[in-house]
Every structure is written in C-alpha cells, then in structure tokens.
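Have a look at the structure below before the remarks.
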Amino acid sequence: MISTKRYSYSCWESGNKELWSSGHHLKSCRDSAFTSDGQQLFTVSKDKAIHILSMEEGKLIKRIPKAHDSPLNCLLLIDENLFATGDDNGMLKVWDLRRDTSFMEMKNHEEYISDMAIDENKKMLLTASGDGTMGVFNIKRRRFELLSEYQSGDLTSVAIMKRGKKVVCGSSEGTIYLFNWNGFGATSDRFAVKAESIDCMVPITDNIVCTGSMDGVIRAINILPNRVVGTVGQHPGEPIEQLAKSRDGKFLASCAHDQKVKFWDMSSLSSIVVDVYRKRKKNKQLPALSRKAFGGADDFFSGLREETEGKSMGDQEDSNEDESDSDDSDSD
C-alpha cells in the first residue's frame with residue numbers, strides 16, 4: 001500500500017470510521033510504529049524514506065528522504081529519541097531525533113533485515129535476516145557483537161521471552177529457533193511447527209507467543225515446553241503479514257493478503273498452563289482460543305463480534321491441522 005490510514009473502530013462494522021489517509025510515501029509503506037504516548041506514527045517505505053506523522057490529523061511532521069541506499073523493510077522505536085531501521089540489503093541504522101541523523105550504521109547481514117527487537121535496558125539490539133542469521137548489536141557502545149550460526153531458511157521474526165533469558169526466531173520454513181541470552185552464536189533448541197512458514201510473531205505472555213503464517217492461521221505457541229497450544233484465529237487461505245497486540249493486552253490485531261484487519265480476543269491466553277508431562281494426541285484438532293478462531297466471517301472485526309449461533313467451537317471442522325509438540329522438536 002502507498003497510503004497510511006487511521007481508523008476508529010467498533011465491534012460492529014457500522015461503527016468503523018476512517019479518520020484520515022496519508023499518501024506522503026511514493027511507494028509501498030512496509031512498516032509502522034506508534035510512539036509510546038500514541039501521539040505520533042513512524043512509517044518506513046520502499047521509497048527509502050522515513051516519515052513521522054501526527055496522529056491527530058495525519059499531518060507530516062518530519063520526512064527523512066533517502067534514509068538508506070536500499071528500500072527500507074523494518075522499523076523499531078527504542079525510546080522517545082532513538083529508533084532503528086533495516087533495509088533490503090542488510091543495512092542497520094540507529095537514529096537520534098535530537099541530532100537529526102543516524103549515529104550508527106552497520107552492514108553485517110547479506111540479505112534483508114526482516115525484524116528487530118531490543119532488551120529492557122535498551123542496550124542490545126537483535127536483528128533477524130533473510131540470510132538465515134540473527135545479528136547482535138550493542139547500541140550503547142555502538143558496535144557489532146556477532147552473528148548467529150546460519151539456519152535453514154530466512155529468519156523472519158525475532159522476540160525476547162522468558163524474562164529476557166530466551167530469544168525466539170521464526171523462519172520461512174516453519175521452524176522456531178531458540179537462543180539463550182548471551183549464547184547467541186548457536187541455538188539452544190528448535191522445533192518445527194506444521195505450517196508453511198512463520199512470517200511474524202508477537203509475545204503475548206512471558207511463555208506464549210502468537211505467530212502468523214502463510215497458511216493464514218494464527219497459532220498460540222508455548223515456549224519451553226515447546227508446544228502449539230491452540231489457534232487464535234485465521235485469514236482463510238491468505239498469508240498473514242503482521243500481528244500487533246493492543247496496549248491493554250486483551251486483543252490481537254492481524255492483517256493479511258485479503259486486505260482485512262481482524263481483531264481477536266486473547267483473554268484466555270493469560271490463564272493457559274502447559275503440562276510438561278502431558279502430550280497432545282496426534283492428529284487432534286487444535287483447540288480454538290477465541291470465538292472465531294476457525295470462522296470465515298467477512299466482516300472487518302469478525303474476531304470481536306459476539307458469537308450469536310448456538311454451536312460451540314468444538315463442532316467446527318474448518319481446520320484439522322497436525323501440529324508439532326515438544327516431542328517432535330530437534331534439540332541441539
């Protein structure tokens with residue numbers, strides 16, 4: 001998409017309203033992020049520019065043209081002054097708004113940077129790349145630390161979990177790779193999810209991460225023990241591009257190639273406890289963790305709508321996936 005749009009939303013389609021639309025980018029907008037106070041929106045684009053918009057009216061506050069030599073692919077806001085960008089050619093830049101320029105520029109990846117994450121101390125920046133490696137950068141000391149060993153397939157996403165003790169990476173081949181903190185060189189564990197790919201992920205709790213895949217299914221996955229615990233929702237047959245968690249942690253938003261944004265109730269995820277010793281039966285349908293996890297409703301906010309029909313989710317047969325649990329993982 002070339003335009004950036006802001007909506008106010010309701011649980012009912014008639015209540016959804018477009019508040020403004022910005023067409024400042026010349027080419028597709030690839031990533032966006034809100035500031036912590038919600039007053040500004042940062043966007044990066046294939047046109048190599050960085051834009052900062054006001055959320056109230058959608059006005060362009062700041063534009064950094066030709067921010068990279070290659071099209072921009074991902075964005076990470078670090079604090080109120082610092083943010084990082086990654087491009088299609090593996091270049092990482094860290095910017096300081098007070099200086100109006102980047103203070104750290106490093107190219108250590110051979111392919112595009114797909115995702116980034118930062119620790120609670122705002123010191124160690126992690127990157128996932130299409131070259132199959134995870135990069136580690138110390139932004140306090142402005143230096144590159146190391147690359148992980150090469151993994152099979154592109155690394156498409158990265159998240160920090162288990163109170164900062166574990167790093168989780170998704171891959172284009174449907175495998176999740178785990179790294180120990182301060183043990184970034186080699187994986188500590190890995191396990192295959194029965195999905196074509198893992199294109200995006202967002203931590204929900206300290207143990208559970210939600211992933212979006214090419215098959216259009218949003219899975220909730222427990223980390224250690226490694227197990228797919230259920231399905232949050234889906235965009236039937238359409239690859240999922242991005243996931244985002246609401247500020248209060250109650251809802252998950254998803255967007256896909258079907259040009260729809262859906263919202264899903266995540267209230268049940270916080271209470272899930274995975275039994276280390278109990279195995280899920282093979283070929284058993286995954287439990288639905290939201291009211292419309294297997295629904296094919298076309299409405300914009302189908303994940304929030306109350307289920308009016310009397311049948312339970314156990315009667316629905318739209319998905320019959322064979323998911324991997326911890327017994328099928330490949331441990332290093």
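For the single chain, residues carry numbers from 1 onward in sequence order.
No side-chain heavy atom of Lys62 sits under 4.5 Å from any side-chain heavy atom of His51. Taking the side chain as every heavy atom from C-beta outward, Ile139 and Ile118 approach each other to under 4.5 Å. In this structure, Gln151 and Arg190 have side chains that are in contact, with non-hydrogen atoms separated by less than 4.5 Å. When side chains are defined from C-beta on, Thr43 does not count as touching Leu75, because their heavy atoms never get closer than 4.5 Å. The closest side-chain heavy-atom distance from Glu80 to Thr35 is not below 4.5 Å. The side-chain heavy atoms of Asp87 and Pro71, taken from C-beta on, include no pair separated by under 4.5 Å. Residues Phe42 and Ser32 have side chains not in contact (no heavy-atom distance under 4.5 Å, counting atoms from C-beta outward). Residues Lys166 and Asn180 meet the side-chain proximity criterion, which asks for heavy atoms closer than 4.5 Å.
Follow the hydrophobic side-chain contacts under 4.5 Å out from Met104 and you reach Leu76 in the same cluster. No single ILVMFWY cluster, assembled from side-chain heavy atoms under 4.5 Å apart, contains both Trp95 and Met116. Taking hydrophobic clusters as Ile, Leu, Val, Met, Phe, Trp and Tyr residues chained together by side-chain heavy-atom distances below 4.5 Å, Val232 shares a cluster with Val274. Follow the hydrophobic side-chain contacts under 4.5 Å out from Leu224 and you reach Met161 in the same cluster.
The hydrophobic side chain of Tyr150 is isolated, with no ILVMFWY side chain under 4.5 Å apart from it. Other members of the cluster containing Val136 are Met124, Leu126, Met134, Leu146, Leu155, Val158, Ile160, Val167, Tyr177, Phe179, Trp181, Phe184, with ILVMFWY side chains joined at under 4.5 Å, either directly or via other members.
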**Request:** Evaluate side-chain contact (heavy atoms from CB on, under 4.5 Å) for Thr127 paired with His109, printing each intermediate quantity in order.
**Result:** CA-CA 9 Å; Thr127 56; His109 289 294; 2.7 Å; yes
**Request:** Could you go through the side-chain contact (heavy atoms from CB on, under 4.5 Å) check for Ile198 and Val193 one step at a time?
**Result:** CA-CA 8 Å; Ile198 296 174; Val193 179; 4.1 Å; yes
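Taking the ring centroids of Phe263 and Phe251, they lie at or beyond the 6.0 Å cut-off.
Side-chain atoms of Asn73 come within 3.5 Å of backbone atoms of Ile113 as a donor-acceptor pair (strictly under, hydrogens ignored). Panel note: side chain Asn121, backbone Lys123; no donor-acceptor pair is recorded below 3.5 Å. Formation of a donor-acceptor pair under 3.5 Å by the Lys122 side chain with backbone atoms of Asp79 is not found in this model.
The side-chain hydrogen bond (donor to acceptor under 3.5 Å, both in side chains) search around Asp258 returns His235, not counting sequence neighbours.
With no hydrogens or angles considered, a side-chain donor-acceptor pair links Asp265 and Ser267 at under 3.5 Å. Checking Glu111 against Ser129 by side-chain atom types alone, no donor-acceptor pair falls below 3.5 Å.
Separating the CD1 atom in Ile176 from the CZ atom in Arg219 is a distance of 10.0 Å, to the nearest 0.5 Å.
When the shell of 6.0 Å around NZ of Lys250 is examined, it contains 12 or fewer heavy atoms from other residues, nucleotides or ligands.
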